[in-house]
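Residue numbering restarts at 1 for every chain, and letters A, B, ... go by the order of the sequence lines.
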Amino acid sequence: MFFLETKALVKQYANHLALDKASIQVPEQKIFGLLGPNGAGKTTLIRIINRITAPDSGEVLFRNRPLAPEDIYDIGYLPEERGLYKKMKVGEQAVYLARLKGLSAAEAKERLKIWFKRFEILSWWDKKLEELSKGMQQKVQFIVTVVHNPGLLIFDEPFSGFDPLNTELMKNEIMELKNQGKTIIFSTHNMASVEEICDEIALIDRSKVVLSGNVAEIRDSNKKNIFKIRTADENLLADTSVCEILDKEQACHNCIFRVKKAQDISNSEFLSRLLQQNEIISFEEEIPSMNDVFIQTVTKNN
Amino acid sequence: MSKIGIIIGREYLTRAKKKSFILLTVLMPFLFVGLIMGIYFLASLNTDKAKVIVVADETGMYFPVLESTDQFQFIEAKEGFKDFRENSDESVYATLFITADLLEHPDAVTLYSRKQVVSSLETAITSTLNEYLSDKKLASYNIPDLKNIIAESKVTVKMKSIKWDDSGKETQTSADFASAIGMIFTFLIYMFIFVYGAMVMQGVMEEKTNRIVEVIVSSVQPFDLMMGKLIGIGLVGLTQFGIWMLVLLGPVLFGSLFFADAAMLQEFTAPFASVNMAEICIYFILFFIGGYMMYASIFAAIGAMVDSQEDTQQFMMPVTIIILFAFYAGFFSAKNPDGPLAFWTSVVPLTSPIVMMVRLPFGVPWWEILLSIALLFVTVLLFVKLAAKIYRTGILMYGKKPTYAEIIKWLKY
């Protein structure tokens with residue numbers, strides 16, 4: 001059972017195919033990472049989920065039924081390119097945007113005041129947006145995304161423009177939303193943050209979903225049989241049928257070797273063979289970072 | 001529907017609440033009147049001091065006739081003054097030589113100066129001399145009271161123009177007043193279409209370049225957003241018109257408060273009664289709504305197509321030319337409000353809102369008005385529909401400016 005599911009979405013623009021049978025499954029109450037190089041089709045996919053554009057074919061299931069016009073009130077969307085009215089007062093425009101999301105004026109004001117207080121920007125309520133610092137504007141943007149308490153949140157590059165302190169604050173807010181039971185789609189280029197907060201991902205490249213699944217599983221399945229071995233001696237004695245030494249590094253009194261294990265032997269056999277000839281201090285398999293997975297998948301696809 | 005209401009509310013209030021809008025709306029009529037009066041006042045001001053004209057009158061008959069005024073001071077030349085070049089005095093503006101009896105030699109008078117003399121001086125001298133000479137000539141006929149006889153024989157015709165309607169009711173008309181009213185309304189509608197159309201374009205571009213549009217269209221249909229903007233800004237225009245009409249017609253409606261004298265009041269309000277102001281105002285509102293919606297939807301589409309102010313030029317140009325053409329057509333229609341130019345341009349939708357305003361005070365057959373309004377509103381529906389298509393695609397497109405071919409493709413989506 002998925003909270004949101006897209007089935008074979010196709011979107012053709014005048015000169016190029018933006019989405020080619022794109023299917024993703026977003027589980028409930030999870031953080032779903034939507035990855036991909038620029039221009040791969042992420043924004044088109046997000047716009048289709050938001051009902052900003054319609055797909056040429058395929059369908060979107062929301063809570064296991066076709067996405068309906070009223071569902072937009074149950075979605076909060078923070079676009080990559082932020083924007084608010086510069087000349088309008090902060091509070092006034094937050095109320096306006098919340099009303100467009102279906103809240104009554106009084107309710108919007110009440111909820112917004114609570115959020116503004118929490119983000120410590122309540123004193124800016126009557127200021128024009130252009131008087132606020134960029135970080136504060138981002139906070140306002142975040143608040144108007146979540147104020148109508150939607151079940152699905154879509155954040156497109158939510159940390160861009162934030163200093164490390166505010167990035168941490170945002171990260172905590174997103175985790176908090178997850179704990180409250182929200183489902184979150186998170187689009188980013190920052191692979192470190194994907195490893196940190198995403199449960200599942202889909203990687204879109206050249207209009208197609210080329211990789212999807214659980215983050216830990218994906219990293220695991222992309223292992224390359226590469227090990228980091230720390231030895232007490234200067235040399236690592238091993239048969240070439242067992243492993244191939246890629247790199248050697250001197251560290252204090254030890255040596256660190258990066259080796260590629262032969263395909264046909266198991267990890268335990270590999271270790272036992274090494275132990276026969278060497279004094280091993282540590283032994284660790286390299287799990288590829290999401291960054292590696294990303295680059296690898298995209299280059300392979302090209 | 002309630003969403004459009006929220007959008008209209010924002011578009012209207014953010015503009016109508018602006019101090020600059022309120023100030024401009026209230027002050028504009030006064031500024032306008034003040035400007036005209038200011039120009040008259042400045043034009044009527046005389047230059048610092050009177051210009052000195054030295055008169056060398058050899059006959060001695062004419063110098064006493066030339067009376068000094070605020071502008072010109074005539075002084076007699078010294079005895080034996082022959083050559084004006086001798087006079088190096090900078091304070092002398094010009095020198096007038098009269099060498100013979102002008103009745104016999106009308107060209108025996110010459111005005112010398114270093115600079116080109118003002119025409120009012122030439123007129124002042126010649127008219128004074130002409131009058132003096134013709135009086136003198138009349139006197140030479142020796143007919144008593146001839147001057148009075150001639151004055152009496154001058155007649156001025158005072159014609160009243162009356163128009164009557166089908167019921168035979170007569171109203172006194174004034175062609176000058178009708179064309180003045182027509183021109184004012186034409187200018188107003190022309191200005192409103194431009195000012196508020198441009199405002200729509202700015203608003204669309206602001207939302208697009210701010211990228212706020214992406215947040216908004218994730219909650220409302222692009223069509224609702226565009227219509228909300230068109231209607232909201234249109235209402236700002238109507239508000240401004242309403243306030244100006246109150247300022248303009250206030251004295252007419254509540255004239256008795258300003259004019260104690262009933263006759264004066266009558267004289268002031270009579271021309272207003274000759275044209276049906278209420279009717280014209282209603283038509284103005286109808287044609288404003290039609291003309292504004294027609295052009296503002298084009299402006300909205302242009303705003304959605306481009307990323308920056310500079311890029312608007314290419315698309316604005318054809319629209320500007322059409323509106324300007326309509327304005328000039330209206331201007332010339334005022335001279336012949338029933339001619340073919342006036343007829344066609346007041347029926348064709350692109351020009352009709354502007355031109356029809358000129359014709360209305362002169363009276364237009366009802367079927368022409370009906371045809372014009374019907375065509376206008378059909379065009380409005382068409383334009384809004386097409387603009388909505390361009391708008392929907394354009395607001396989410398960034399980067400390069402679309403070509404006309406691409407825009408036609410957007411229309412087909």
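- Annotation for Tyr404(B): atom OH counts as buried by contact number, over 12 foreign heavy atoms lying within 6.0 Å.
- Of the residues considered (Met88(A), Gln93(A), Arg51(A), Lys87(A)), Met88(A) shows the highest number of contacts with chain B, using heavy-atom pairs under 4.5 Å.
- Looking at Tyr85(A), the atoms closer than 4.5 Å to chain B (heavy atoms on both sides) sit in the backbone and in the side chain alike.
- For NZ of Lys171(A), the number of neighbouring non-hydrogen atoms (other residues, nucleotides, ligands) closer than 6.0 Å is greater than 12.
- Taking a 6.0 Å sphere around NZ of Lys113(A), one finds it holds more than 12 heavy atoms contributed by other residues, nucleotides or ligands.
- Using a 4.5 Å cut-off between heavy atoms, Thr14(B) touches chain A through its side chain atoms alone.
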Working for side chain to side chain contact (heavy atoms under 4.5 Å, CB included), residues Val215(B) and Thr145(A):
CA-CA 9 Å; Val215(B) 176; Thr145(A) 310; over 6 Å; no

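- The distance from atom OG of Ser218(B) to atom CD1 of Ile49(A), rounded to the nearest 0.5 Å, is 12.5 Å.
- Rounding to the nearest 0.5 angstrom, the gap separating the OH atom in Tyr13(A) from the OG1 atom in Thr393(B) is 9.0 Å.
- The shortest non-hydrogen separation linking Asn210(B) to Leu84(A) is ND2-O, 2.9 Å.
- When heavy atoms are compared at a cutoff of 4.5 Å, Lys17(B) approaches chain A solely by way of its side chain, counted from C-beta outward.
- In this structure, chain B has heavy atoms under 4.5 Å from both the backbone and the side chain of Lys86(A).
- Exactly one of Arg99(A), His148(A), Lys101(A) qualifies for a side chain to side chain contact (heavy atoms under 4.5 Å, CB included) with Ser219(B). That residue is Lys101(A).
- Heavy atoms of other residues, nucleotides or ligands lying less than 6.0 angstrom from CD of Gln180(A) number more than 12.
- Side-chain contact check for Val220(B) versus Ile72(A): every heavy-atom pair is 4.5 Å or farther apart.
- Under 4.0 Å is where a charged nitrogen must lie from a carboxylate oxygen, and between Glu214(B) and Arg47(A) at least one such pair does.
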